[in-house]
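Start at 1 with the first residue, then count along the sequence. This is a predicted model, so every value here is computed, not measured.
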Amino acid sequence: MFDLSPAAPRAAKLTALGIGVALLATACGGSSTPTQTGSSSAAAAAGISCPAPSAGAGAGNSQAATNSGPVPPSTTTTSTPLKLGSLLPTTGSLAFLGPPEIAGVNLGIKEVNDAGGVLGAPVSVVHRDSGDTKTDIATQSTTALLGQGVSAVIGAASSGVSKTVINQITGAGVIQFSPANTSPDFTTWDDKGLYWRTAPSDVLQGKVLGNYMATCGAQTVGMIVLNDAYGTGLQKNVKEAFEAAGGKVVAEELFNEGDSQFSSQVDKVLAAKPDAIALITFDQAKSIVPLITGKGIKPTQLFMVDGNTSDYSKDFQPGTLKGAQGTIPGTFAKDDFKKKLLAIDPALKDYSYAGESYDAVNLIALASEAAKSTKGTDIAAKLKEVSEGGEKCNSFAACVTLLRQGKDIDYDGQSGPVTFSDAGDPTEAYIGIYQYQDDNTYKPVREEFGKL
């Protein structure tokens, strides 16, 4: 495993972060009682019965400023245009996340440039593949990006991949900004203030998933877990939340990246006869799900996570996953945002982390404007400032207009509210809960909002 570097000085300010999560929606823990209709209060023997889908859930931006006129020119111009790199998966076990993330980045770049760019110059982006932890693609891609003088690298999607390049990126004075890293390890990484993310720590996703399975009536849970920073970190937080809600984790089976046989893990979990099974994997779910359902386990007993909640319409027979559920950090992608993304990439089927990727571009561009610089360390010093405390706005054009009018801004984006901690983590976020349909595609059913 990759050794963690010593905690950064700014991590000392985060003694409260990770101690607990304040869930403001369907929390089920301790003596709390779910408030939604349709949840099961019977014993697990009566089966799993999750809360009914909620109507109108989502992060609204109705109070945010919108741009209704021309964007004023920047009072400061730069001879070094802002250049970004992306380190997102087009190959490997998270390749399904690449298209929506890349589309989110490209949409953000387009809108920034449509509004006149940053500091009087257009922004450019160089895309490179991150691969996964079975290869050295990420290191090679990072070297290439740094060689082209990027100020920030958007990525990686995988926490395990980010751990292999974070020191290389931040050590070069360049921002690493991940739209999808959820490992809690990054909160205290010695990153010199240069690591940021729009995805919340798995302290939150784990809390939501663990509580939600309990709300659905499960009293026992088995888990099949990818043995890396992402998998074991999420496993820990799911277990803590589920057991705090009165449940018991009866089986925890690990596998390694690159494994192709999962019968042993499946057999051991099923032998424990859990009410629910949590699959904390990447695309290994394509092999694991048929093994589980082939032995009589109902798909309604399956709970998935952001690493594997994907479109399986071409992988499984109809009905294979009908009723299974999964969690993905971030608010549901709104219809108008989907239309914009489809104009960028008409082949998109998933929208996971597209909002977080789009927000990463906007936040970097706005921080560059606020810093009046395209240097990575200068931009990083302004990222927290543009995420909190000022007039709310939700697009580059609206926000940069306010900045150029001398006003303080508070950017809230497509991924929901964005307010950074000193460690570069979101301090509040939505977790979307999705349910699979008969065609093995998933639809949103409810959202949970929480604070870290």
Side-chain angles (χ1 to χ4, degrees), residues 25 53-62 64 66 86 88-89 94-112 154-155 157 177-182 197-200 204-205 208-209 304-313 324-363 392-398 411-418 426 428-437 439-450:
S54 59
N61 287 316
S62 59
T66 56
S86 85
L88 298 168
L94 276 184
F96 76 92
L97 287 181
E101 291 171 341
I102 292 167
V105 169
N106 286 338
L107 177 59
I109 295 290
K110 178 182 182 299
E111 292 188 356
V112 168
I154 298 174
F177 200 131
S178 175
N181 285 169
T182 54
R197 53 180 164 179
T198 36
L204 182 57
Q205 184 180 187
V208 168
L209 180 56
M304 303 169 81
V305 292
D306 58 311
N308 54 27
T309 300
S310 182
D311 180 344
Y312 294 100
S313 58
Q325 298 186 71
T327 53
I328 301 175
T331 188
F332 300 145
K334 305 302 185 287
D335 288 342
D336 60 343
F337 184 54
K338 288 181 180 179
K339 289 178 182 178
K340 292 179 181 179
L341 290 168
L342 287 170
I344 298 292
D345 182 354
L348 277 184
K349 294 185 179 300
D350 289 322
Y351 299 92
S352 301
Y353 296 113
E356 285 81 356
S357 303
Y358 172 87
D359 289 344
V361 171
N362 283 333
L363 285 158
K392 286 190 176 294
C393 51
N394 57 29
S395 70
F396 176 78
Y411 176 83
D412 284 345
Q414 291 294 335
S415 61
V418 181
E428 55 189 353
Y430 283 87
I431 304 292
I433 298 175
Y434 300 79
Q435 187 172 62
Y436 277 90
Q437 310 301 300
D439 64 355
N440 300 312
T441 64
Y442 58 93
K443 292 184 178 180
V445 293
R446 64 193 311 107
E447 291 179 323
E448 306 286 354
F449 180 75

Participant: Among all residues two or more places apart in sequence or in another chain, which pass the salt bridge (Lys or Arg N to Asp or Glu O under 4.0 Å) test with K110?
Facilitator: D114
Participant: In Å and rounded to the nearest 0.5 Å, what is the OG1 to CZ distance from T182 to R197?
Facilitator: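 Answer rounded to 0.5 Å: 7.0 Å.
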Participant: Which donor-acceptor pairs under 3.5 Å do side chains of residues 354-363 form with protein atoms, sequence neighbours excluded?
Facilitator:
unit_1	atom_1	unit_2	atom_2	d
S357	OG	Y353	O	2.8
Y358	OH	E111	OE1	2.5
D359	OD1	Y411	OH	2.6
D359	OD1	Q414	N	3.0
D359	OD2	Q414	N	3.2
D359	OD2	S415	N	2.9
D359	OD2	S415	OG	2.5
N362	ND2	Y411	OH	3.0

Participant: Does the side chain of V208 reach to within under 4.5 Å of the side chain of P329, using non-hydrogen atoms?
Facilitator: no
Participant: Can you list every pair that meets side-chain hydrogen bond (donor to acceptor under 3.5 Å, both in side chains) and has a residue in residues 336-346, with sequence neighbours left out?
Facilitator: none
Participant: Mind checking whether I431 and P200 have side chains closer than 4.5 Å, heavy atoms only?
Facilitator: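 Yes; the side chains approach each other to less than 4.5 Å.
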Participant: Would you say the side chain of E101 lies within less than 4.5 Å of the side chain of P89, judging by non-hydrogen atoms?
Facilitator: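 Of all side-chain heavy-atom pairs linking E101 with P89, at least one is under 4.5 Å.
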Participant: Would you find a donor on one side and an acceptor on the other, under 3.5 Å apart, between the side chain of E428 and the backbone of P426?
Facilitator: no
Participant: Search all heavy atoms of T331 against all heavy atoms of G416 and return the closest pair with its distance.
Facilitator: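 Where T331 meets G416 most closely, the heavy atoms are CG2-N, 3.8 Å.
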Participant: Does a side-chain heavy-atom distance below 4.5 Å link T198 with F177?
Facilitator: yes
Participant: Given Y312 and Y442, is the ring-ring contact (aromatic ring centres under 6.0 Å, His included) satisfied, shown in steps?
Facilitator: CA-CA 9 Å; Y312 294 100; Y442 58 93; 8.6 Å; no
Participant: Quick one: are L341 and P100 in side-chain contact, heavy atoms under 4.5 Å?
Facilitator: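 Sidechains of P100 and L341: no contact.
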Participant: Please name the pair of heavy atoms, one in Q205 and one in V305, separated by the smallest distance, quoted to 0.1 Å.
Facilitator: OE1-CB, 3.7 Å
Participant: Would you compute the distance between atom CD1 of I102 and atom CG of L97 and round it to the nearest 0.5 angstrom?
Facilitator: 10.5 Å
Participant: Please report the shortest heavy-atom distance between D412 and P417, naming the atom on each side.
Facilitator: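 Closest approach of D412 to P417, heavy atoms only: OD1-CA, 3.6 Å.
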Participant: Roughly how far apart are D306 CG and Y434 OH, rounded to 0.5 Å?
Facilitator: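 Here the interatomic distance stands at 10.5 Å.
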Participant: Can you tell me how the ring of Y430 sits relative to the ring of F449, calling it parallel under 30°, perpendicular over 60° and tilted otherwise?
Facilitator: tilted
Participant: Drop me the distance from N106's CG to I344's CD1, to the nearest 0.5 angstrom.
Facilitator: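 Between atom CG of N106 and atom CD1 of I344 there are 6.0 Å.
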Participant: Where is the tightest heavy-atom contact between D350 and S310, given as atom of each residue plus distance?
Facilitator: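 The pair with the smallest heavy-atom distance is OD2-OG, 3.2 Å.
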Participant: Grab the two heavy atoms, one from L94 and one from G307, that are nearest each other, plus how far apart they are.
Facilitator: CD2-O, 3.9 Å
Participant: Would you name the heavy atoms of A398 and S395 that are closest together and state the gap between them?
Facilitator: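 Result for this residue pair: N-OG, 3.1 Å.
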Participant: Is there a donor-acceptor pair closer than 3.5 Å between any side-chain N or O of N440 and the backbone N or O of D311?
Facilitator: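 The answer is no, because no donor-acceptor pair under 3.5 Å joins these two groups.
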Participant: Just by modelled atom types, is the F332 backbone N or O under 3.5 Å from a matching donor or acceptor in the K334 side chain?
Facilitator: yes
